[in-house]
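Here the structure is laid out as structure tokens; the discussion comes afterwards.
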Number of protein chains: 2
Amino acid sequence: MDKKPPLISVAIVEDDDDIRQSLAVLIDGTEGFMCANTYRECWEAIQGVTAETPDVVLMDIGLPGMSGIEGIRRIKDRLPDLDILVLTVHENDEIVFEALCAGACGYLVKETPPARILEAIREVKRGGSPMSTQIARMVTNSFQRKTMHPLTTREVEVLDTLCKGKSYKMIGESLFISEETVRRHLKNIYKKLEVHSKSEAVAKALKEKIV
Amino acid sequence: MDKKPPLISVAIVEDDDDIRQSLAVLIDGTEGFMCANTYRECWEAIQGVTAETPDVVLMDIGLPGMSGIEGIRRIKDRLPDLDILVLTVHENDEIVFEALCAGACGYLVKETPPARILEAIREVKRGGSPMSTQIARMVTNSFQRKTMHPLTTREVEVLDTLCKGKSYKMIGESLFISEETVRRHLKNIYKKLEVHSKSEAVAKALKEKIV
DNA sequence: CTATAATTGACCCGTTCGGGTTATTTTCCC
DNA sequence: GGGAAAATAACCCGAACGGGTCAATTATAG
């Protein structure tokens, strides 16, 4: 008696008819997979997947009406544990990171061969986060500190201490310099970063990964 | 006449003699790979790779003397374009993210089968960032906003505006409430986050991904 | 329907900050 | 060894902030 592994059910959100149908055929035609449903746009998908609760959603980004990014956000709001895998032509930094922040757990570019798409879906099911080569590199690079900024070594130290929430006085004590010198450094930092307050400086430092 | 692809030269940093030699044998014994050198600890490795400039460094984390994390940092300081692939038993969040921040472009756990290690090295060479299943998921999850925090919806809005570097007055104008109410919200936010200044609140909000 | 949480608003007061100006010492590159 | 860049330090002043106390209205959950 054969013991069949449970099917991985996949929902597809893709506006291009050809691509959508090809994907559906690919998934339904492969042992171990089933296509739960397909959608042309996000609104339908949000309704649909809430009812169907597939294992994985294959999601395009450039969609008519609501963008895939917002779609991911909405679906994740309702079903935080549902895994959403992005499949798109967009390789732009902004979009990649927005998709991941919205809750995507993987990101494939559209030239990905069918076999790799299937493998990626399996990987998602196993608790992984498959990404195309260049996307993965963008992601790991995003962790690294920026070195291209106009600040001197000492200024970075001051800014780093500032980011720990300290006052001028406390920064001075930490770095063994007078409060007035801290003040001076901060003035220079503000000019260079084009900010006008501690909180703005901290926000910029953390967002731009200066510290 | 055969056209051989150039060999991928790999340096290994690993203190365990058995593992180090196994890896060296694996790499030298595989078509298309060569082991440039092996090191027991970071200091040697830093000197060595600076001279040899291999294509990829396979790096352990738990090393005697300087930790692999610091080793990655030092090597990257000297050779920012050298690709370093971590191969370790450590799956702890802290260590994974420290390694990536230090400059690792990939992260494999030690149970990774030899074939996958070789494939990962090829992927690094192609400009990718191979990661073990669970590591990749940790990484994508790290982009998502935390929902477990003690702040109310409105407080998050206020904090979000604060993170754009605005003053109380400007926050009030943005959210159509009086400056005094902003002040009140901030007081509650400070209590809940246990901070005592705008910059500390911004730092905490961004680091903890509350906004 | 009631009680609790959330959101809104106000005043006071001492501290800190942001921006302006000036100046000396140290470090490091050419 | 000379000059530029960086790091150090000081003073002033008005604006902004942090913390304290008090209070009203609106949602929301039980």
Side-chain angles (χ1 to χ4, degrees), chain A residues 77-78 80 145-208 210-211, chain B residues 74 77-78 80 145-211:
Chain A
D77 271 351
R78 284 171 182 66
R145 231 197 201 165
K146 294 265 179 311
T147 49
M148 283 310 293
H149 58 70
L151 304 184
T152 67
T153 310
R154 196 56 163 169
E155 283 164 357
V156 173
E157 284 174 7
V158 172
L159 187 54
D160 184 52
T161 314
L162 187 74
C163 288
K164 296 187 169 47
K166 311 214 176 192
S167 68
Y168 288 5
K169 190 191 294 255
M170 292 190 288
I171 296 173
E173 286 162 6
S174 293
L175 302 181
F176 307 106
I177 53 181
S178 89
E179 189 182 331
E180 287 303 323
T181 304
V182 175
R183 196 179 281 282
R184 170 110 302 284
H185 283 307
L186 260 304
K187 278 181 222 187
N188 293 333
I189 292 169
Y190 286 4
K191 272 222 168 62
K192 290 180 180 176
L193 298 185
E194 297 174 298
V195 299
H196 304 281
S197 68
K198 281 172 48 165
S199 52
E200 217 180 335
V202 169
K204 188 147 193 167
L206 294 176
K207 284 177 185 164
E208 312 263 322
I210 294 172
V211 295
Chain B
R74 305 279 183 110
D77 272 350
R78 284 170 181 70
R145 224 190 203 175
K146 292 267 181 311
T147 50
M148 282 311 293
H149 57 69
L151 304 184
T152 67
T153 312
R154 195 55 161 170
E155 283 164 359
V156 172
E157 284 173 9
V158 171
L159 186 54
D160 183 52
T161 314
L162 187 76
C163 287
K164 296 187 170 47
K166 310 214 176 191
S167 67
Y168 288 5
K169 190 191 298 255
M170 292 190 287
I171 295 172
E173 286 161 6
S174 293
L175 301 182
F176 308 107
I177 52 180
S178 89
E179 190 182 330
E180 287 302 325
T181 304
V182 175
R183 193 180 284 281
R184 170 114 299 285
H185 283 306
L186 260 304
K187 278 180 221 187
N188 293 332
I189 292 169
Y190 285 5
K191 271 222 169 62
K192 290 179 181 178
L193 298 186
E194 297 174 296
V195 299
H196 304 280
S197 69
K198 281 172 51 164
S199 52
E200 216 181 335
V202 169
K204 188 144 192 170
L206 295 175
K207 285 177 185 166
E208 311 263 321
K209 298 205 178 291
I210 294 171
V211 294

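Hydrogens, waters and symmetry mates play no part in the numbers below; they use all other heavy atoms, side chains included. Sequence lines set the chain letters: A, B, ... in the order given, protein chains first and strands last, and positions in each chain run from 1.
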If you take all heavy atoms of His185(A) and Ile177(A), which pair is closest and at what distance?
-> CD2-CD1, 4.2 Å
Pairwise side-chain contact, Leu151(A) with Leu193(A), heavy-atom cut-off 4.5 Å (strictly under) | yes
Is it true that Glu180(B) and Arg184(B) make a salt bridge, defined as a side-chain N closer than 4.0 Å to a carboxylate O?
-> no
Identify the heavy atoms of Val182(A) and Tyr168(A) that sit nearest to each other, and give their distance.
-> CG2-O, 3.8 Å
Taken to the nearest whole Å, NE2/His196(B) to P/dG14(C) is 21 Å
Nearest to side-chain heavy atoms of Tyr190(A), which nucleotide of dG20(D), dG20(C), dG18(C) | dG18(C)
When rounded to whole Å, the CG to C1' distance for the pair Leu162(A) and dT16(C) reads 13 Å
Compare every heavy atom of Val202(B) with every heavy atom of Ser199(A), then report the nearest pair and how far apart it is.
-> CB-CG2, 3.7 Å
Sorted by chain and number, sequence neighbours left out, salt bridge (charged side-chain N to carboxylate O under 4.0 Å, His left out) with Glu155(B) holds for Lys192(B)
Donor-acceptor contact present, side-chain Glu208(A) to main-chain Lys204(A), <3.5 Å = no
Rounded off to whole Å, could you give me the CG-to-P distance for the Leu186(A) and dG19(C) pair?
-> 10 Å
Do you know which two heavy atoms are closest between Leu159(B) and Ala205(B), and how far apart they sit?
-> CD2-CB, 3.6 Å
For atom CD of Glu157(A) and atom C1' of dA6(D), their distance in whole Å = 12 Å
If every non-hydrogen atom of Met170(A) is compared with every non-hydrogen atom of Gly165(A), which pair is closest and at what distance?
-> CE-O, 4.3 Å
Heavy-atom contacts under 4.0 Å between residues 202-211 of chain B and DNA chain C, which residues?
-> none
Quick one: do Arg183(B) and Glu179(B) make a salt bridge, cutoff under 4.0 Å?
-> yes
Give me, pair by pair, the N or O atoms of the protein and of nucleotides 5-8 of chain C that are less than 3.5 Å apart, along with how far apart they are.
residue	atom	partner	partner atom	Å
dT7(C)	OP1	Arg154(B)	N	3.4
dT7(C)	OP2	Thr152(B)	OG1	2.3
dT8(C)	OP1	Arg154(B)	NE	3.0
dT8(C)	OP1	Arg154(B)	NH2	2.9
dT8(C)	OP2	Arg154(B)	NE	2.9
dT8(C)	OP2	His185(B)	NE2	2.8

Taking atom P of dA10(C) as reference, at what distance in whole Å does atom CD of Glu179(B) sit?
-> 10 Å
Using the C1' atoms of the five pairs at each end, what is the angle between the end axes of the helix from dC1(C)-dG30(D) to dC30(C)-dG1(D), to 10°?
-> 70°
Nucleotide N/O to protein N/O under 3.5 Å, stretch nucleotides 11-13 of chain C:
residue	atom	partner	partner atom	Å
dC11(C)	N4	Glu180(B)	OE1	3.1

Using a heavy-atom distance cut-off of less than 4.0 Å, which residues of residues 165-172 of chain B contact DNA chain D?
-> Ser167(B), Tyr168(B)
Heavy-atom closest pair, residues Lys198(A) and Tyr190(A) = N-OH, 2.9 Å
